[in-house]
Structures are given as C-alpha cells and as structure tokens.
Protein chains: 2
Amino acid sequence: MVEVSAETTRHEYTIKEAAALTGLPASTLRYYESIGVIAPVGRGVSSGHRVYDEEDLDQIMWVACLAATGMSVSDMRTYVANGHLGPSAAGEQVELLTQQQRRLASEARQLVLRQRYVALKIDYWHAVAAGDDGRAELLSGEARHLADEIKRAGRS
Amino acid sequence: MVEVSAETTRHEYTIKEAAALTGLPASTLRYYESIGVIAPVGRGVSSGHRVYDEEDLDQIMWVACLAATGMSVSDMRTYVANGHLGPSAAGEQVELLTQQQRRLASEARQLVLRQRYVALKIDYWHAVAAGDDGRAELLSGEARHLADEIKRAGRS
DNA sequence: GCTTTGACTTCGAGTACTTGAAGTTCCTAG
DNA sequence: CTAGGAACTTCAAGTACTCGAAGTCAAAGC
C-alpha cells in the first residue's frame, strides 16, 4: 500500500497516541485545532485521519504548558501567532516546561491527599455500617482535618 | 441596630463569608443551590439575601470535598441525598467512593509518566540549546520509548 | 469477498462553571 | 435625611471543554 520511506524513519502517531503523550484528551486536540490554537495537522491520504509527527507533538506539548499555566485560549492563539513557538525559543520552552513540572508535582501531591481522603471516607462508611459510632466519629474528625490540608495545598 | 440575643449566639453568615469559609466562590454556591446540590438557603426577611447558618456550612464543606475529588454534580446530588439517609445508604456510599478511588489511582499512574516525559523534554531542549545534537537525538529516542509506555498505560 | 470490529471523522448539544448586565438593598458618612 | 458605594439579587450569555450520534475507513476473521 504505502511505500517505505527510503531515508529517515519518520515517527507518526494517531490522535490517541498524541493524546496519551501530551496529556490532553483527543477531543481537546481536535478542539484546539478547530479554533486555531495549534496548526492544522496532516491527514492520512486515504483515511483522512489526523497524523501527528514529532514536530506536532512538541508544539502541542508547548500549548499544553500554556494551557496548564492558566492562559486563556484566545491568549494562547495570540501568543502562538506571534511566533513564540518553535526551536528558536528553546529557552522559553524550558522555562514553561519547568513551570509545568512544578504544576504536575503539585497535582501529584494533591492527588495523594485526595486518595487518602477517599480511603478515609470509605473506612468511615464501613464503620457506620458496622454500627461502630466511636470509630465513625474518629474517622470523621480525621477526614475534616485532611480536608483542610487539601484546601491548603490547593491554594499553593 | 444592636440585636438582643435571648440565649445562644446563632451564627449567621453572608454568601461572601460562606464562600471564604468553604473555599468555593459565591457564584458557585448560588449555582449549586440552583441545581439542588445544596439545600435552599434561608433568606433575610427584608433583603432577600442568602443567610447561611452552621448547618449550611457543614453541608457545603462536605460538597466542596466531593467536588475537590472530581465528582460530577449529578453524583454529588445523589451522594448528598443518600447522606441524609444515614447508615442504610452506606453500601452505595462505599461503592461511589471506591469508584472514585480507582479513578484517582489511574490518574496517579498517568501523572508519574507525564512527569517523566516533561523532565525528558526539558533535558532535550537543554541539549538542543547547547548544540549537542547527539544527546538531543538520544533523549528524543528515550521520549519515544516513554511514549510507548504511556500508550500502554493509557489502555488500562 | 464479505462482514464485523474498532478507531477515526464532523457536528451539534451538554456540562460546570464564570462573567456581565441591570436592578435592589445595606451601610456609612455628610 | 439623603447621597454614594459596596454587596447582594436574578438572569442571560460566554468559556472551555466533553459527549453522543451518525457516518467513514481499514484490518482481521470466516
């Protein structure tokens, strides 16, 4: 069907793979493309399906960083249009990726707290079901304390 | 203007105070009330403004916790409704919470992989900026390998 | 060769807030 | 007592996805 490229092996990805790689859902990738935040992606000749290459992935990663730092889509569009995107802005890329790294770390911390909170609540309801009011009371207090911790972590 | 409280001090709060105490914006409190996630709040007789008491605050705290764990509003509504039923609804509560726990665990796995990916991308751009094409190539390959891993994890 | 399965496509509607407009009401100060 | 401003009210529209329906395309099984 498709003849093999003679020289470089060009890595290509489906939208699902691109989504897994960049952390953005496939629906969001389509949405971003439709509103012009990311450049139009190439299509498979016969299928019409989106085909992402490494360059696309770098671009999406960059946009994902902008989105993660709380930039609105209209601002992102402007920023991307102003040519801040691409290898020439490597320094800027690193800075935003570092920011993204911090955000992911914070997200991970919050996730752990939430997991503990949910686990606590499950214990609580088990205690209630077992009629152990003393233990239920204790766990309820613990959950409340943890809720405060979650809120504190969320503000950071 | 000084009210003569007969016995106990009844704590009452404006929507702004309730927002500050529970961590949810005032607009969200109004929204949650309008869709029935929290019970209708009492109103000032002459002003028509919302007046929150301690019980309201407890309920909102609880809903804020559910929201923080990423639960949908319709699930929250069910959950809160069941909460008033006491121990008899414990089974359903546990089921909902266990579902939430699984979701959070999967999210955590994805997060770790994404952190590694971003770290790799930072190293990559450092290498590009330094003109170290060999290292850049190497890191690019590693990123691709990690991409496969993320792809595998995404299927679970 | 045909059919089924599954991933992709677009498009329009739904979700969970969020913001803005326009209109009260509360409070403070002159 | 009255004027001004902050804070509240509702309601409508905007935002940034997110989902479901209906259709297309390609490889695997019979």
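Lettering of chains follows the sequences in order, A, B, ..., and the numbering in each one begins at 1.
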Separation of atom CD in A:Glu33 from atom C1' in D:dA16, rounded to whole Å: 17 Å

Result of checking B:Ile38, B:Ile15, B:Asp56, B:Thr28 against B:Glu33 for side chain to side chain contact (heavy atoms under 4.5 Å, CB included): B:Ile38

Sugar-phosphate only, base, or nothing, as touched by A:Ser34 at under 4.0 Å among non-hydrogen atoms: nothing

Nucleotide-resolved protein contact map, nucleotides 1-18 of chain C, B/S/- at heavy-atom distance under 4.0 Å: -------SBB-----BBS

Gap between atoms CZ and P, on A:Arg77 and D:dC17 respectively (whole Å): 12 Å

Nearest heavy-atom neighbours spanning A:Gln115 and B:Gln101: O-NE2, 4.5 Å

Heavy-atom check, side chain of A:Arg135 versus side chain of A:His126, under 4.5 Å: no

B:Tyr13 and B:Glu54, any side-chain heavy atoms less than 4.5 Å apart: yes

Nearest-Å distance for atom pair OH/P, residues B:Tyr13 and D:dC8: 16 Å

Plane angle bin for B:Trp62 and B:Tyr79 - parallel if under 30°, tilted between 30 and 60°, otherwise perpendicular: tilted

Close side-chain approach of B:Tyr31 to B:Leu24, heavy-atom, < 4.5 Å: no

